[in-house]
Number of protein chains: 2
Amino acid sequence: MDITIDIEDSAPLFAQLVEQIKEAVLKDKISPGAPLPSIRQLANDLRLNSKTVAKAYRLLERDSVIQTRGYRGTFIHPDAKINCTVDLGEWVIAKLSDAISELRDGGVTDSEIRIAFGNLMNKRTI
Amino acid sequence: MDITIDIEDSAPLFAQLVEQIKEAVLKDKISPGAPLPSIRQLANDLRLNSKTVAKAYRLLERDSVIQTRGYRGTFIHPDAKINCTVDLGEWVIAKLSDAISELRDGGVTDSEIRIAFGNLMNKRTI
DNA sequence: TTTTGTACCATTACACCACACGGTACAAGT
DNA sequence: ACTTGTACCGTGTGGTGTAATGGTACAAAA
């Protein structure tokens with residue numbers, strides 16, 4: 001596991017982590033079932049805040065790339081390689097893009113779309 | 001036409017204008033075809049910037065509540081009363097709400113939705 | 001000439017959010 | 001005791017969008 005963090009990079013630190021771990025899985029540098037460094041450990045090695053590493057791990061687990069087994073540590077998910085290629089971002093963009101295009105075609109101002117969006121995102125109960 | 005602008009109100013000035021003009025139409029205080037003050041004139045009377053009034057007029061015309069006939073001035077739209085009740089906002093909220101709910105159910109973070117949304121809104125070519 | 005709506009340049013203030021950071025605390029396992 | 005992931009409180013910075021302001025300019029009609 002050779003992870004490099006570039007503070008100068010415009011990409012967020014947690015995103016760099018996610019990206020590099022996914023890459024390591026895809027290039028067979030880590031095999032499924034293998035243990036990952038603990039959050040605090042990795043944060044210490046990379047001189048990052050533990051919250052930053054925790055955020056990366058949380059996202060990776062949501063994508064089923066890693067598996068956190070509570071007090072036993074974190075491991076590479078059995079189906080990690082498959083789930084790495086599934087890009088959640090594209091489906092998000094597609095869904096939103098459709099809605100936005102439809103609204104714009106209906107004559108709705110970008111500003112109005114932003115306002116409505118902001119209101120919706122603040123209400124937890126949709 | 002008695003329009004009152006409250007600077008202390010949290011509602012944007014242009015929104016107050018839109019609201020009050022729509023209200024005047026609904027309450028038959030102005031009839032279809034009647035002329036409205038010019039942008040500069042109204043801005044002067046209310047001590048607002050002409051751009052602020054222009055923005056309100058632009059929105060009202062998009063909703064077909066008023067009609068701008070170029071150099072002849074601005075008038076109340078023939079179907080103003082009907083178009084006043086049509087709330088564009090509700091259809092916007094419904095459309096967006098659907099998309100957001102779907103994404104959230106798919107495990108997408110609110111933060112990620114916001115990022116994707118922001119990126120889409122900045123790219124003119126969708 | 002003056003007025004009409006409109007378009008472009010710009011600045012200011014304000015608010016929200018993402019990101020990263022710090023500290024503290026917890027239950028459950030080694 | 002120590003570590004695990006996780007959750008809560010918080011702070012600060014930078015980016016970005018809205019809202020409102022100002023100035024200048026245009027073509028077309030009165």
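Below, chain A is the first sequence line, B the second, and so on; all start at residue 1.
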Exercise for the section: Please state whether the base of C:dT3 and the side chain of B:R69 form at least one donor-acceptor pair under 3.5 Å? Expected result: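 Such a pair does not exist between side chain and base.
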Problem - Polar side-chain contact B:R72-C:dG5 base: donor and acceptor under 3.5 Å - result: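 No pair found.
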[X] [atom1] to [N] [atom2]: how many Å, rounded?
X     : N      : atom1 : atom2 : result
A:L36 : D:dT4  : CG    : P     : 12 Å
B:K55 : D:dT21 : NZ    : C1'   : 12 Å
A:L46 : C:dC21 : CG    : P     : 11 Å
A:L13 : D:dG14 : CG    : P     : 15 Å

Go through [options] for me and flag the one nearest to the [X] side chain.
X     : options                : value
B:Y71 : D:dA28, D:dT6, C:dA18  : D:dA28
A:S38 : D:dG17, C:dG5, D:dT4   : D:dT4
A:T52 : C:dA20, D:dA19, C:dA18 : C:dA20

Categorize [X] for me: base, sugar-phosphate, or nothing, with a 4.0 angstrom heavy-atom threshold over every strand shown.
X      : answer
A:R58  : nothing
A:E61  : sugar-phosphate
A:R114 : sugar-phosphate
A:S50  : nothing

Practice task
For A:K22, look at atom NZ and say whether over 12 heavy atoms of other residues, nucleotides or ligands are found less than 6.0 Å away.
Solution key: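 It does: A:K22 NZ has more than 12 such atoms within range.
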Reckon [X] has a side-chain N or O less than 4.0 Å from the OP1 or OP2 of [N]?
X      : N      : value
B:S111 : C:dC19 : yes
A:T74  : D:dG5  : yes
A:N49  : C:dC19 : no

Handout entry: Distance-minimising heavy-atom pair for A:V25 and A:V65
Key =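 Taking A:V25 first and A:V65 second, the nearest heavy atoms are CG2-CG1, 4.4 Å.
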Problem - Which atom of A:I7 lies closest to which atom of A:L13, heavy atoms considered - result: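 Of all heavy-atom pairs spanning A:I7 and A:L13, the closest is CA-CD2, 4.4 Å.
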Practice task
Please figure out whether B:Q41 or B:E112 has its closest DNA chain C nucleotide nearer the 5' end.
Solution key: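 Counting from the 5' end, the first nearest nucleotide belongs to B:Q41.
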Exercise for the section: Test side chain to side chain donor-acceptor pair (under 3.5 Å) on A:T109 and B:R62 and set out the steps. Expected result: CA-CA 10 Å; A:T109 304; B:R62 187 207 51 191; 3.2 Å; yes
Handout entry: Close side-chain approach of B:V53 and B:I39, heavy atoms under 4.5 Å
Key =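 Heavy-atom side-chain distance check passes, below 4.5 Å.
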